[in-house]
Amino acid sequence: MFRPSRIEIDRAAIAHNIKELTKRIPQDIMAVVKANAYGHGAVEVAKIALQNGATMLGVALLEEAIELRDAGIMAPILVMEAQFPQYAGIAAERDITLSVFSAEWVKEAAAYIEEKPLTVHIKVDTGMGRLGLRTREQLDALLEEATDSFVVEGIYTHFATADELDSDLYYTQQERFERLMEGIHERFRYIHTSNSAGAIRMAGQDVPYNLVRVGIAIYGLYPSHEMETFYSFLRPAFTLKSQLMQVKRLEAGQTISYGATYTTSADEWIGTVPVGYADGWLRKASGFEVEVNGFRCPIVGRVCMDRFMIRLPEEFPVGTDVTLIGGSVAIDELASYLGTINYEIVCQFTSRLPRHYV
Ligand SMILES: Cc1ncc(COP(=O)(O)O)c(C=O)c1O
């Protein structure tokens, strides 16, 4: 790579986060590495997570599971998004666990499974309104259908509001799940309900669940501001860095970038940073600040496809480091500037930005 712009992933931070989580959470930990490990690099993160206490991996897509298998990762992998039944045989062959949610799906999938049975976890919808069966009748019908070609290893649900401490829905979902599970806990090797927020909230409680699916916390980020009270041990692993490519002095009255939305009000030092919206550094970030030599420098004018301009407090040499995320610029600060959540920020950067593991 010739460009100076890169995402740096702090391996030690991920290892630290997993270790600290395993100390506090009594259940087994599934490291959720979908979406290229929330932009951090799926294969790398999966390896670090497994070396530091995670026992299972969670992804959204069969493609993501196959990428991990192709990289030689042999740990159990659960695909959490629905897959079409005709791909059941491919998943079985690669020892990939699928999420199932209806007797019809199971019946159809059986035709595609050959020698090796397919391991499945049943997905229950207790309030997300997303994927999953909703009644005990549907569960019983599925269990009846899932015979020889299937190993029914787990059952799970997903909370919509685990990160909101005053939400009643969180408790309602737990009740619905427990009602559905009445008398059949023993049938499953794994029963799981919690994401990062739920895992930490349940840490001290006696619950009949033995696995948690932890995503955002592995990356050192908080599921919500409210959850920061529980998560003081986390360390963010993601930084985005570049370097000044051009530095110039513009006199008062000069315009900058498309639309000429910024005009210098005096003599100003302007630096060009080679990261743009094609990298995932959104156009809406115009006006946000990045860090150069310990100074917070505002983005002036519109962010372009491949670069943006900043106002420097003084002349800095070409090649000076620019920190877009990291240092004093927290992901949560950028998220709130852009009106979104940290999850979306880390997922938005494209493959044009190389990931360096440090
Ligand atoms: C089903 C499921 N479980 C667990 C997670 C991990 O959630 P978090 O990143 O909040 O820990 C996700 C992520 O969206 C998910 O979809």
Side-chain angles (χ1 to χ4, degrees), residues 13-14 17-18 20-22 24-25 27-42 45-46 49 53-62 64-65 76-83 96-101 120-133 153-165 167 169-170 173-174 177 190-203 209-228 230-231 233-234 236-238 331-332 335 340-348:
I14 294 173
N17 296 331
I18 294 266
E20 291 300 315
L21 288 162
T22 52
R24 289 164 175 84
I25 296 172
Q27 292 90 3
D28 285 357
I29 291 189
M30 173 195 297
V32 177
V33 295
K34 61 181 177 159
N36 199 26
Y38 295 32
H40 292 64
V45 171
T55 53
M56 205 183 276
L57 300 168
V59 295
L61 311 174
L62 189 50
E64 293 174 335
I77 304 174
L78 173 66
V79 176
M80 299 186 292
E81 186 47 79
Q83 306 299 307
I96 293 166
T97 305
L98 294 188
S99 296
V100 298
F101 45 89
V120 295
H121 286 207
I122 297 170
K123 182 71 192 290
V124 181
D125 173 16
T126 53
M128 268 293 279
R130 197 165 72 167
L131 188 69
L133 55 79
E153 182 191 60
I155 186 161
Y156 73 108
T157 193
H158 187 56
F159 295 127
T161 58
D163 60 337
E164 295 173 27
L165 293 177
S167 163
L169 179 60
Y170 172 68
Q173 285 195 257
Q174 288 185 47
F177 189 63
Y190 293 113
I191 304 175
H192 45 117
T193 60
S194 289
N195 54 5
S196 297
I200 291 285
R201 285 181 73 169
M202 279 185 185
Y209 317 130
N210 52 6
L211 179 69
V212 291
R213 307 179 304 272
V214 182
I216 201 79
I218 290 174
Y219 309 105
L221 300 171
Y222 302 95
S224 67
H225 292 303
E226 284 173 73
M227 295 305 293
E228 290 193 34
F230 294 91
Y231 276 82
F233 55 86
L234 294 179
F238 189 106
I331 288 179
D332 284 309
T340 184
I341 53 172
N342 52 23
Y343 293 71
E344 193 174 26
I345 298 293
V346 283
C347 287
Q348 79 194 12

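All ligand and atom numbering here is 1-based and tracks the order in the structure.
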Return the closest protein heavy atom for [atom] as residue, atom name and distance.
atom	value
atom 3 (N) of ligand 1	Arg213 NE, 2.8 Å
atom 7 (O) of ligand 1	Asn195 CB, 3.4 Å
atom 15 (C) of ligand 1	His158 CE1, 3.5 Å
atom 10 (O) of ligand 1	Tyr343 OH, 2.6 Å
atom 6 (C) of ligand 1	Tyr38 OH, 3.4 Å
atom 14 (O) of ligand 1	Lys34 NZ, 2.8 Å

| query | Within the distance-only criterion (no hydrogens, no angle test), does the side chain of Gln83 pair as donor or acceptor with the backbone N or O of Leu61 below 3.5 angstrom? | reply |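 No.
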| said: Within the structure, is a non-hydrogen atom of Met128 found at a distance of less than 4.0 Å from ligand 1? | reply: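 No.
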| ligand 1 versus Arg130, non-hydrogen atoms closer than 4.0 Å: side chain, backbone, both, neither? |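 Only the side chain of Arg130 comes within reach of ligand 1.
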| Region of Met80 that comes within reach of ligand 1 [heavy atoms, distance under 4.0 Å] |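 The side chain, only.
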| When the ring centroid of Tyr209 is compared with that of His192, is the distance short of 6.0 Å? |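 Centroid distance Tyr209-His192: not below 6.0 Å, so no.
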| request: Go through Tyr222 and Ser196 one step at a time and tell me if the side chain to side chain donor-acceptor pair (under 3.5 Å) criterion holds. | output: CA-CA 8 Å; Tyr222 302 95; Ser196 297; over 6 Å; no
| field | Option whose closest heavy atom lies nearest to atom 11 (O) of ligand 1, chosen from Ser196, Gly58, Ala197 | value |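 The nearest heavy atom belongs to Ser196.
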| query | Taking atom types as modelled, is there a side-chain donor on Thr126 or Thr157 under 3.5 Å from an acceptor on the other? | reply |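 Looking only at side-chain atoms, Thr157 and Thr126 do form a donor-acceptor pair, the distance falling under 3.5 Å.
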| Looking at Val79, Leu78, Ile77, Leu57, which one forms a side chain to side chain contact (heavy atoms under 4.5 Å, CB included) with Thr97? |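 Between Thr97 and the candidates, side chain to side chain contact (heavy atoms under 4.5 Å, CB included) is satisfied uniquely by Leu78.
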| task | Using distance alone, decide if ligand 1 has a nitrogen or oxygen within less than 3.5 Å of any nitrogen or oxygen in Val32. | result |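 So ligand 1 has no N or O lying under 3.5 Å from an N or O of Val32.
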